[in-house]
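Along the sequence shown, the residues carry numbers beginning at 1. Here the structure is a predicted model, which is why all the values come from computation and not from measurement.
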Amino acid sequence: MKKIAFQRTKTSKLAANELRHINLNGSEVPYTLMRCRRKTIGMRVSSEGLTVRIPMRESLSWVESVLQKRADWIVTKLDEWKNRKPTRPAWEEGAIFPLLGEPWQVTVTAAGAVQMMQASENARSKDEQPGLSLSAGVAAEQIESAVMKWYRQHALTCFTERIALYANKLGVALPQLRLSSARTLWGSCNSRGIIRLNWRLVQKPLDLVDYVVAHELSHLIEMNHSKAFWETVGSVYPGYATARKRLKEIG
């Protein structure tokens, strides 16, 4: 399950990544150790393995004692990732891709144009969604390129509109927007006022897009996750706790 996280410029500059190994339940487990500004230890298991984030001054002996206590959980999660079958998009006509929570289907015309049609519709208006022009004899790579272009176009349009809406609600200057392809981050905000949003977020329902936008823009006021920060988020997005939970669950 993908875990939502928000990474700040100041923190990333302080983080020092170190690849280490530890024996857990009889198996040698490699892990990435990151020292950063935090008060507690944080552990995450993903397709990239085990990542451990710790306060700047904690000792390695303390870290390893905590890992030993969580050995069963760590090994179980690593095994789950190891046995998980990779899911790859089907870059072919008829494939379904979500946009703002709704299914859209790849269609290819006789002339070789890739078009995205709402899967629930039997007909499509050209004014609603223009085709993505390609030459005849469309290959999987061409369909992938067209679908990704379609996603990025919608992501830029949607995110720009929602950022303008929530910036106005919060009374902050309109920030710069950049699309990201991060594996584990839905969004980030840095001290220079640049907002990065994962293009994949446009696949999710609009209320979840709004939560991430409200979250990141609130960091322009509170560059932390303090009580004041969450009060700021709640002032423009009262249901943030529910949205946050849903985003974690659907991954």
Heavy atoms, side chains only, cut-off 4.5 Å: are [X] and [Y] in contact?
X: Ile41; Y: Glu58; answer: no
X: His21; Y: Tyr31; answer: no
X: Pro30; Y: Leu50; answer: no

Worksheet item: Judged by modelled atom types alone, do Arg152 and Thr157 share a side-chain donor-acceptor pair under 3.5 Å?
Response: no
Worksheet item: Can Asn25 and Ser27 be counted as having a side-chain donor-acceptor contact under 3.5 angstrom?
Response: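 Side chains of Asn25 and Ser27: no pair found under 3.5 Å.
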Polar side-chain atom of [X] near backbone of [Y] as donor-acceptor pair, under 3.5 Å:
X: Gln68; Y: Asn23; answer: yes
X: Asn198; Y: Leu185; answer: yes
X: Arg38; Y: Thr40; answer: yes
X: Gln105; Y: Gly94; answer: yes

Item to complete: Please work out which of the three classes, parallel, tilted or perpendicular, describes the rings of His215 and His219, given edges at 30° and 60°.
Response: tilted
Discussion item. Over 60° means perpendicular and under 30° means parallel, so tell me whether Phe97 and Tyr151 are parallel, tilted or perpendicular.
Written reply: perpendicular
Fill in: In one Ile/Leu/Val/Met/Phe/Trp/Tyr side-chain cluster, 4.5 Å: Leu174, Leu170
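Both belong to a single hydrophobic cluster.
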Discussion item. Leu165 vs Arg162, test: side chain to side chain contact (heavy atoms under 4.5 Å, CB included). Steps then yes/no.
Written reply: CA-CA 5 Å; Leu165 174 65; Arg162 307 318 285 179; 3.5 Å; yes
Please table the atom pairs, donor to acceptor, closer than 3.5 Å between any side-chain atom in residues 233-243 and protein atoms at least two apart or in another chain.
{"residue": "Ser235", "atom": "OG", "partner": "Thr232", "partner atom": "O", "Å": "2.5"}
{"residue": "Tyr237", "atom": "OH", "partner": "Asp207", "partner atom": "O", "Å": "2.6"}

Practice prompt. Evaluate the side chain to side chain contact (heavy atoms under 4.5 Å, CB included) criterion for residues Leu177 and Leu197: first the C-alpha distance (whole Å), next the side-chain angles of each, then the deciding distance (0.1 Å), finally the verdict.
Written response: CA-CA 8 Å; Leu177 167 65; Leu197 296 177; 4.0 Å; yes
